[in-house]
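What follows is a set of notes on a single structure, which appears directly below.
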Amino acid sequence: FAEIQTQAGQELAVRQPCARAQSAWYLPLQLRGEYLAGQETREFRADAGSMLLLDSHSPHWRMLAPGSHLLNIRIPKGLLEQYHPDPHSTCAKPICAEAGHARIAWDFILSLWQRRSEIAPENRAGLANLGDALANDPEFRRRFLADDARAALVRDTVAVTVLKAGASP
């Protein structure tokens, strides 16, 4: 997790990624303000309530408008690639978090971030177990998860997020 709040406009750019850097995907959640972003040949403008996927090993940039608030999540590549056959196909494309699976992920990640100080180390395993319980609950699966791969993604996302939730921004 990383939290960024700007008073003035700010550019965040990775022009030459470090070859030794952790292999990860970045998932920025734009909480307030608009932004421009790009990676490879893709560029777009989006507003608060959107998120996107960026490859940590490819040059990318974001221009945040004054008064922006951003929460950035780092997801290990191996984890996401178990459930998404081609993450590059969705790189640098805005994802609206107003409804559906994107809204569920948005609310969950934001809730963990907002309440991270309440999660004592001895309780993190319990929260990971909650992810397992949700992913295996028939009613939750019927309403929110279309298949076993999505259920496994919920379990793994909860486990990874919980492990990182105690970190300071």
Please tell me if the side chains of [X] and [Y] come closer than 4.5 Å, counting only heavy atoms from C-beta onward.
X	Y	value
Leu52	Gln30	no
Glu43	Trp61	yes
Leu70	Thr6	no
Ser68	Gln10	no
Leu31	Trp106	yes
Asp55	Lys77	yes
Leu54	Arg62	yes
Pro28	Asn72	yes

Minimum-distance pair of heavy atoms, taken over all atoms of Ala24 and Ser56: O-OG, 2.7 Å
Nearest atoms (heavy-atom pairs only) where Gln7 meets Pro66: O-CB, 3.5 Å
Enter the distance from [X]:[atom1] to [Y]:[atom2] here, rounded to the nearest 0.5 Å.
X	Y	atom1	atom2	answer
Ile73	Met51	CD1	CE	10.0 Å
Glu11	Leu36	CD	CG	10.5 Å
Lys93	Leu53	NZ	CG	11.0 Å
Leu110	Arg103	CG	CZ	8.5 Å
Leu12	Ile4	CG	CD1	4.5 Å
Gln114	Glu3	CD	CD	9.5 Å

Contacts of Trp25 that satisfy ring pair (Phe, Tyr, Trp, His ring centres under 6.0 Å) - sequence neighbours left out: His88
Backbone N/O of Asp47 and side chain of Ser50: donor-acceptor pair under 3.5 Å: yes
Donor-acceptor pair, side chain of Glu98 and main chain of Gly49, under 3.5 angstrom: no
Using the rule that Ile, Leu, Val, Met, Phe, Trp and Tyr join whenever any side-chain heavy atoms are under 4.5 Å apart, tell me whether [X] and [Y] fall into a single cluster.
X	Y	result
Tyr26	Val14	no
Leu64	Leu29	no
Trp113	Ile95	yes

Counterpart residues, side chain to side chain donor-acceptor pair (under 3.5 Å), relative to Gln16 (two or more places apart): none
All salt bridge (charged side-chain N to carboxylate O under 4.0 Å, His left out) counterparts of Arg32, not counting sequence neighbours: none
